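A quick write-up on the structure given underneath.
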Amino acid sequence: MVDLWNVWYSELHQGRAGLTLKVKQVIYSGQSPFQRIDILETYEFGRMLVLYGSIMITEKDEFVYHEMISHVPLFTHPNPRRVLVIGGGDGGTVREVLKHPEVEQVTLVEIDQMVVEKCKEYFPQVACELDNPKTRILFQDGAQFMAETDEKFDVILVDASDPIGPAEVLFQKNFHQNIYNRLNEDGIMVTQSESPWYHQRTLRRMYENLRSIFPLVRIYWAYVPTYPSSIWSFTLCSKKYHPIKDFKADQYRELGISTNYYNAGIHQACFVLPNFIKKAILNRV
Ligand code: SAM
């Protein structure tokens with residue numbers, strides 16, 4: 001029998017380029033109080049979560065982003081006991097954070113309860129640690145939480161969606177200043193900082209703002225096939241530790257955690273930036 005199902009998902013980058021994936025099945029489409037949520041089964045990348053019209057995770061490549069936002073700071077900080085994740089409702093970052101036995105508690109501040117519910121239902125291998133007793137979930141705007149809390153953290157990870165809609169506040173300077181204030185005196189924060197190819201203005205503005213707040217700011221990157229341009233940036237901001245000089249390579253080897261992208265070589269290599277990024281963001285090569 002001829003298969004007439006011919007449905008494709010396209011995500012446009014700046015309205016001029018894009019990624020197109022053939023869809024096997026539409027699993028869920030709905031609207032939360034904050035955003036449209038779509039879950040699609042694709043031929044190439046397996047199951048995929050789309051929020052606000054942007055790909056958040058796919059089954060096949062989610063490991064890259066989640067490992068890289070977590071293990072780079074957690075293998076730098078000598079004793080990351082209290083970790084905060086802002087956004088990250090799919091649970092992938094929490095899953096990676098809890099591979100570190102020193103972590104006593106990971107707090108997830110996610111604005112949209114429906115994202116967590118849908119990910120538990122449709123992405124159990126990503127959301128698998130959301131019911132761990134070490135995980136505390138608060139359904140709240142991350143910017144409001146940062147402005148109001150008096151808690152302190154060793155590591156803060158900003159696992160935000162793109163800076164449109166509810167996540168826009170997570171890219172602003174006063175939010176980053178509040179993060180600085182709520183980190184312990186040797187704390188580290190990492191924020192996802194968009195594509196260094198398509199979103200240079202966002203990355204540059206973030207980098208400049210963060211440099212006016214933190215003594216050490218370093219951009220690093222990873223290859224994520226389903227994100228715009230496939231090269232994705234993260235910005236690490238630290239009050240004390242240096243991500244390469246203080247890298248706990250021995251602990252990484254001893255712990256023997258299972259990863260598919262991150263390793264000791266990647267930890268060091270990811271801070272080496274191509275010249276086009278250096279020129280555009282750092283104003284030097
Ligand atoms: N890996 C992803 C990426 O870069 O595309 C991020 C995915 S994660 C699912 C982003 C999460 O941030 C979403 O679940 C979204 O609901 C949440 N979020 C957006 N704005 C937020 C806010 N202001 N406070 C807390 N969470 C927020």
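Computed from a predicted model, the values in this text were never measured in an experiment. Atoms within each ligand, like the ligands themselves, are counted from 1 in listed order.
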- Query: Considering only heavy atoms of Gln35, which atoms of ligand 1 have at least one such atom less than 4.0 Å away?
  - Reply: 15 (C), 16 (O)
- Query: Is there a donor-acceptor contact under 3.5 Å linking the side chains of Asp162 and His199?
  - Reply: no
- Look at atom 18 (N) of ligand 1 and say which protein heavy atom is nearest, naming residue and atom and giving the distance to 0.1 Å. Ile111 CG2, 3.8 Å
- atom 3 (C) of ligand 1: the protein heavy-atom neighbour that sits closest, reported with distance to 0.1 Å: Tyr227 OH, 3.3 Å
- Centres of the Tyr262 and Phe63 rings: under 6.0 Å? no
- Query: What do you reckon, are the aromatic ring centroids of Phe75 and His100 less than 6.0 Å apart?
  - Reply: yes
- Is Lys99 salt-bridged to Glu96, cutoff N-O under 4.0 Å? yes
- Item | Sub-4.0 Å heavy-atom approach of Ile57 to ligand 1 | no
- Of all protein heavy atoms, the one nearest atom 6 (C) of ligand 1 is Asp159 OD1, 3.3 Å
- If we number the atoms of ligand 1 from 1 as shown, the ones under 4.0 Å from a heavy atom of Leu51 are 13 (C), 14 (O)
- Nearest protein heavy atom to atom 15 (C) of ligand 1, by residue and atom, and its distance? Glu110 OE2, 3.4 Å
- Message: Within ligand 1, which atoms have a heavy atom of Asp141 less than 4.0 Å away?
- Response: 22 (C), 23 (N), 24 (N)
- Task: List the steps, then state whether side chain to side chain donor-acceptor pair (under 3.5 Å) holds for Ser32 with Lys118.
- Result: CA-CA 11 Å; Ser32 79; Lys118 294 296 162 201; over 6 Å; no
- How are the rings of Phe271 and Tyr220 set relative to one another: parallel (under 30°), tilted (30 to 60°) or perpendicular (over 60°)? tilted
- Task: Report the nearest protein non-hydrogen atom to atom 19 (C) of ligand 1: residue, atom name, distance rounded to 0.1 Å.
- Result: Ser161 OG, 3.5 Å
- Task: Could you check atom 8 (S) of ligand 1 against the protein and tell me its nearest heavy-atom contact, residue, atom and distance included?
- Result: Asp90 OD2, 3.5 Å
- Just jot down the ligand 1 atoms closer than 4.0 angstrom to any heavy atom of Ala160, in number order. 3 (C), 4 (O), 6 (C), 10 (C)
- Query: Looking at ligand 1, does Phe145 have a heavy atom less than 4.0 Å from it?
  - Reply: no
- Where ligand 1 meets Gln192 - atom numbers and elements under 4.0 angstrom, heavy-atom basis: 4 (O)
- Under 4.0 Å from one or more heavy atoms of Asp112, ligand 1 contributes atoms 16 (O)
- Which residue supplies the protein heavy atom nearest to atom 12 (O) of ligand 1, what is that atom called, and how far is it? Gly87 CA, 3.4 Å
- Val169 heavy atoms, cut-off 4.0 Å: which ligand 1 atoms fall inside? 23 (N)
- Task: Tell me which protein heavy atom sits closest to atom 24 (N) of ligand 1, plus the residue, atom name and distance to 0.1 Å.
- Result: Gly142 N, 2.8 Å
- Residue of the set Glu41, Gln25, Glu59 for which side-chain hydrogen bond (donor to acceptor under 3.5 Å, both in side chains) holds with Arg47: Glu41
- Query: Heavy atoms, side chains only, cut-off 4.5 Å: are Ile86 and Leu84 in contact?
  - Reply: yes
- Message: Can you see whether Thr58 engages Asp61 through a side-chain donor-acceptor pair at a distance of less than 3.5 angstrom?
- Response: yes
- Query: Quick one: do Glu117 and Lys120 make a salt bridge, cutoff under 4.0 Å?
  - Reply: no
- Query: Do Asp38 and Val26 have side chains that get closer than 4.5 Å, going by heavy atoms?
  - Reply: no
- Enumerated ligand 1 atoms positioned under 4.0 Å from heavy atoms of Ile55: 5 (O)
